[in-house]
Amino acid sequence: MRLGLALGYWGRGPDAGHVALAREAERLGYDSVWTAESWGSDAFTPLTWIAARTSRIRLGTAVAQMAARSPAATAMHALTLDHLSGGRVLLGLGLSGPQVVEGWYGRPFPKSPLTATREYVDVVRQVLRREAPVAVDGRFHPLPYRGPDGTGLGKPLKPITHPLRPDLPVLLGAEGPRNVAQTVRIADGWLPLYWAPTRPEVYGDVVREVPEGFLVAPMARVAVCDDVAEGLLPVKAMLGFYIGGMGHAARNFHADLMARMGYEAEARRIQELFRAGRRREAVLAVPDAFADEISLVGPRERIAERLESWRAGPVTDLLAMSPDPHSLRVLAELNS
């Protein structure tokens with residue numbers, strides 16, 4: 001099982017320690033470093049900054065939001081950074097949810113998310129292969145555009161720049177069983193959310209039968225500490241925000257996933273508290289058991305014991321969310 005460093009997206013401003021942390025992860029033998037985006041910082045620019053200050057570690061987006069860019073634009077970002085970094089890019093993509101897609105990007109959330117994702121990946125693949133002008137007779141991402149408000153002058157094009165790698169890996173963030181099953185069919189890897197290594201069946205039976213070379217790369221909070229409850233507080237804060245505030249009350253994929261994992265009543269309670277403005281209570285309402293099973297938190301010996309369940313399953317890459325160089329070092333030692 002390879003290790004990665006998950007830096008996420010910026011909060012109020014850039015984190016001055018991210019480059020140093022990425023360099024330390026590279027020194028420790030970590031295979032990859034990952035950035036994200038929500039409705040603030042983008043995923044590609046910080047990754048480019050890190051690329052210029054590292055030499056070996058692979059560079060992943062977990063995830064770049066599909067609504068933020070057309071698939072052709074996303075492919076341009078990926079192929080450009082792949083050239084600049086010497087072939088180190090891992091392109092992780094995700095749909096996000098209706099609240100962000102419609103509220104931030106000003107686009108309709110697709111009524112057929114599986115079809116929209118499939119078309120998006122198709123365009124990206126065609127651009128990267130550069131075998132012919134890109135053409136997709138699609139419902140969501142048609143190329144050329146033939147809509148009633150167009151000029152009709154568009155024509156299929158090939159990228160001017162020759163991609164460095166036509167097989168640049170494409171990974172998808174997927175939560176529902178049907179979405180995960182499609183991901184295994186059309187992508188090179190999967191970025192699970194809230195991975196519980198003892199309960200992979202939550203995502204469907206297909207997880208047990210991923211093809212050879214397919215990447216399964218979940219994120220997990222890693223914290224070497226004496227007090228497990230205290231170490232879980234950042235996990236609970238993240239879960240409280242995603243389950244309570246990242247999505248509409250009637251359509252929140254994160255809350256639905258928590259419910260499928262056996263915490264339906266707790267998920268709905270977190271949503272209620274968050275919507276009522278009682279955010280601290282929402283965070284505290286996150287069960288320690290749920291936060292714990294998707295994390296690696298506690299003394300070194302506890303993490304060593306729990307790490308075995310991560311290594312025993314389909315996970316190929318564990319992406320550690322940790323701002324602490326000591327925790328990264330301990331994880332590297334335990335995984336060696």
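Just so you know, these numbers use all the heavy atoms, side chains as well, and skip hydrogens, waters and symmetry mates. In this chain, residues are counted from 1 in sequence order.
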What distance do [X] atom [atom1] and [Y] atom [atom2] have between them, rounded to the nearest 0.5 Å?
X	Y	atom1	atom2	answer
E293	D288	CD	CG	12.0 Å
T61	L93	OG1	CG	6.0 Å
S38	Y242	OG	OH	6.5 Å
F140	T117	CZ	OG1	9.5 Å
L331	D324	CG	CG	11.0 Å
H77	T74	NE2	OG1	6.5 Å

Which heavy atom of [X] sits nearest to which heavy atom of [Y], and what is that distance?
X	Y	value
R130	I160	NH2-O, 4.1 Å
L90	W34	CD1-CZ2, 3.5 Å
I186	R118	CD1-CA, 4.0 Å
A196	M261	CB-CE, 3.7 Å
V100	W39	CG2-CZ3, 3.6 Å
V136	Q126	CG2-NE2, 3.3 Å

Can you label the angle between the Y263 ring and the F290 ring as parallel, tilted or perpendicular, going by 30° and 60°?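 Ring orientation of Y263 relative to F290: tilted.
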Just wondering, more than 12 heavy atoms not from [X] lying within 6.0 Å of its [atom1]?
X	atom1	result
M1	CE	yes
D205	CG	no
R280	CZ	no
E201	CD	yes
E305	CD	no
W310	CH2	yes

Donor-acceptor pairs are to be reported for all side-chain atoms of residues 166-179 against protein atoms at under 3.5 Å, with residues two or more places apart or in another chain.
| from | atom 1 | to | atom 2 | distance (Å) |
| --- | --- | --- | --- | --- |
| E175 | OE2 | H254 | ND1 | 3.4 |

Would a 4.5 Å heavy-atom cut-off, applied to side chains only, mark [X] and [Y] as touching?
X	Y	value
L79	L164	no
V210	W190	no
P71	D122	no
K158	V134	no
V297	V222	no
T45	T35	no
I57	D31	no
R279	L273	no

Using a strict 4.0 Å threshold on nitrogen-to-oxygen distance, state whether [X] and [Y] make a salt bridge.
X	Y	result
R306	D292	yes
E131	R125	no
E266	R269	no

So, [X] versus [Y]: side-chain donor-acceptor pair below 3.5 Å or not?
X	Y	value
S32	R2	no
N335	R311	yes
Y105	Q65	yes

Yes or no on salt bridge (Lys or Arg N to Asp or Glu O under 4.0 Å) for R27 and E24, after CA distance, side-chain angles and deciding distance? CA-CA 5 Å; R27 188 190 70 79; E24 176 65 4; 2.8 Å; yes
Mark yes or no for whether [X], through its side chain, and [Y], through its backbone, hold a donor-acceptor pair below 3.5 Å.
X	Y	answer
T151	L153	yes
D82	R88	yes
E26	S55	yes
R146	G154	yes
E37	A43	yes
E119	R139	yes
T316	V216	yes
R165	V89	yes
E102	P108	no

Using the rule that two of Ile, Leu, Val, Met, Phe, Trp, Tyr join whenever any of their side-chain heavy atoms come within less than 4.5 Å, decide whether [X] and [Y] are in one cluster.
X	Y	result
F241	L257	yes
L7	L3	yes
L215	L59	no
L319	V224	no
L307	L328	yes

Could you walk me through whether I294 and W195 satisfy the side-chain contact (heavy atoms from CB on, under 4.5 Å) test, starting with their C-alpha distance in whole Å, then the side-chain angles of each, then the deciding distance to 0.1 Å, before giving a yes or no? CA-CA 5 Å; I294 63 173; W195 176 261; 5.9 Å; no
The test is side-chain contact (heavy atoms from CB on, under 4.5 Å); show your working for T115 and Y120 and say whether it passes. CA-CA 9 Å; T115 302; Y120 201 102; over 6 Å; no
Decide whether a cation-pi geometry holds between R53 and W49; the criteria are a distance under 6.0 Å from NZ or CZ to the six-membered ring centre and an angle within 45° of the ring axis.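 Yes, R53 sits over the ring of W49.
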Checking side-chain contact (heavy atoms from CB on, under 4.5 Å) for the pair T80/F44: CA distance, chi angles, key distance, verdict? CA-CA 10 Å; T80 302; F44 288 100; over 6 Å; no
Identified side-chain contact (heavy atoms from CB on, under 4.5 Å) partner of S295 from the options M238, K236, M321, R221: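 Of the listed options, the one satisfying the test is R221.
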Go through it in stages, so that I can follow the logic: the residues are T54 and R23, the test is side-chain contact (heavy atoms from CB on, under 4.5 Å), and I'd like the CA-CA distance, side-chain angles, deciding distance and then a yes or no. CA-CA 6 Å; T54 54; R23 288 169 63 92; 4.1 Å; yes
